Amino acid sequence: MTWDISATLNLIQARYGRLQREAANHCFQSVHQRLRYGRFHYTALKKDFDAFKEAKIGDRMVIDLAWSADDGERGEYLEFMDRVGAHAVACVQSIHAVADLLATSVYVSLNLNAYGKPVDEHAITFQLTLDRLALNSHHATAANLLNKLRTHPSFQHVDALSNKAKHSGMIRPTMNEDWTGTRAERIQIHFEGFMRKSTRYPSVAIIDVLGPAYEQVSKVTVDLGNELTQLLT
C-alpha cells in the first residue's frame, strides 16, 4: 500500500489554507527523510558486518581478534566496532524520531489546535496529539495507529534505547559469539541489556530489534497518511 502525499496536502490546503499545508508538508518530508536515514544506517551496518566477518573473522573466535597481540589487527576490530556503533545509534535515533514527527504531522494535518488551547510547534508532543484526537470519535483510527507504535515490542526497545542514551548513558553495541553451536548465526552484533524506568530490556541482536521497529514505523506512516486523507476528504 502507498500514500498519496500530494492528495493529503491538497485537502489540508482546501480546509485550512496554504500555511497549514506548508507546515504539514514539512512534517511529512521530515518523516520520510528520517525513514531514509534509518534505512541507510541499517543497511550500511549489515553490509559492513557481513564484510568484516568474511574478511577478518572467518573461523576465528572473536575474543582472539579483539585482544590480538597484533596492534594493527586489534585496531581494525576497534574501528569496525566504532562504525557499527555509529550506524546502530543513528538508526535508533532516526526510528525513534519518526514517532514524534508522525504525531506532529497528525496534529498539524487535522488542525488539532482547534480542540483546545493553541500551542506552538515545539510544544506538540505525542501525548498531546493523542489527547486531542480523543476529543473527536472520528479520529479514533488515527489514535489507534499512533498507539501501535507505542505498544510494538521492538519500537518500545528502540524508544528505551534512544531515551537512555539521551538521559543517562548510551548502550553500546557489542560483538556476541555463541560457543554452544546451537545458534544459526555464530556471531551477532548485540545491544547489551539495560534498565530504563524500572523495566529490564534484555540483550538482543541489533537486526532483531531495528528491523522490526523500522518495518512498524514504515507501515504506520503509510496507514496514517491514508487515514488522514480519508478524514480530510
Side-chain angles (χ1 to χ4, degrees), residues 1-16 20-21 23-39 42 91-119 121-163 196-199 201 204 208-233:
M1 183 179 290
T2 59
W3 167 26
D4 187 343
I5 296 176
S6 294
T8 307
L9 290 171
N10 290 338
L11 290 166
I12 292 169
Q13 181 171 342
R15 282 204 181 196
Y16 306 120
Q20 197 84 349
R21 175 198 176 105
N25 184 51
H26 186 65
C27 292
F28 296 164
Q29 296 306 318
S30 296
V31 167
H32 284 276
Q33 191 170 36
R34 279 294 195 173
L35 288 172
R36 291 195 301 272
Y37 286 176
R39 183 171 61 248
Y42 180 71
C91 186
V92 162
Q93 291 172 338
S94 289
I95 292 173
H96 179 261
V98 171
D100 288 329
L101 289 167
L102 280 176
T104 303
S105 297
V106 170
Y107 193 100
V108 172
S109 298
L110 298 178
N111 194 33
L112 295 183
N113 263 342
Y115 289 80
K117 180 181 178 180
V119 299
E121 65 173 25
H122 67 270
I124 300 173
T125 64
F126 197 94
Q127 188 58 53
L128 177 62
T129 299
L130 288 176
D131 291 344
R132 295 286 175 96
L133 289 174
L135 298 175
N136 187 331
S137 61
H138 293 295
H139 297 160
T141 298
N144 289 337
L145 287 169
L146 283 175
N147 271 316
K148 279 187 176 182
L149 286 181
R150 294 207 304 187
T151 58
H152 190 274
S154 291
F155 184 83
Q156 289 177 337
H157 203 122
V158 166
D159 181 66
L161 282 165
S162 181
N163 283 308
R196 172 69 180 165
K197 292 185 175 180
S198 301
T199 298
Y201 294 87
V204 63
D208 289 344
V209 68
L210 294 185
Y214 180 83
E215 290 177 3
Q216 180 69 359
V217 296
S218 298
K219 184 178 187 307
V220 169
T221 295
V222 174
D223 290 345
L224 260 177
N226 287 318
E227 178 61 17
L228 290 176
T229 301
Q230 185 169 331
L231 287 170
L232 292 163
T233 299

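It should be emphasised that the depicted structure is a prediction, and the values quoted were computed from it without experimental measurement. No hydrogens, no waters, no symmetry mates; every other heavy atom, side chains included, goes into these values.
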Subject >> Distance-only polar pair, side chains of Arg196 and Gln156, donor-acceptor under 3.5 Å >> reply: no

Original post:
Hey, does Arg150 have a side-chain heavy atom less than 4.5 Å from the side chain of Leu130?
Top reply: yes

Original post:
Which pairs count as ring pair (Phe, Tyr, Trp, His ring centres under 6.0 Å) when at least one residue sits in residues 134-154, sequence neighbours excluded?
Top reply: Tyr115-His139

Subject >> ring-ring contact (aromatic ring centres under 6.0 Å, His included) partners for His32, two or more places apart >> reply: Trp3

Original post:
Do you know the tightest heavy-atom contact between Leu231 and Ala142?
Top reply: CD1-CB, 4.5 Å

Subject >> Residues Gln230 and Asn226: side-chain donor-acceptor under 3.5 angstrom >> reply: no

**OP:** Show your working on side chain to side chain contact (heavy atoms under 4.5 Å, CB included) between Arg15 and Asn111 and close with a plain yes or no.
**Re:** CA-CA 9 Å; Arg15 282 204 181 196; Asn111 194 33; over 6 Å; no

**OP:** Check Tyr37 against Ser94 and note the closest heavy-atom contact, atom names and distance.
**Re:** CB-OG, 3.6 Å

Original post:
Sub-3.5 Å donor-acceptor pair from the side chain of Tyr16 to the main-chain atoms of Leu11, do we have one?
Top reply: no

**OP:** Not counting sequence neighbours, which residues clear salt bridge (Lys or Arg N to Asp or Glu O under 4.0 Å) with Asp159? List them please.
**Re:** none

Original post:
Counting distance only, does the side-chain N/O of Gln20 pair as donor-acceptor with the main-chain N or O of Val108 below 3.5 Å?
Top reply: yes

**OP:** Could you go through the side chain to side chain contact (heavy atoms under 4.5 Å, CB included) check for Phe28 and Ser109 one step at a time?
**Re:** CA-CA 10 Å; Phe28 296 164; Ser109 298; 3.3 Å; yes

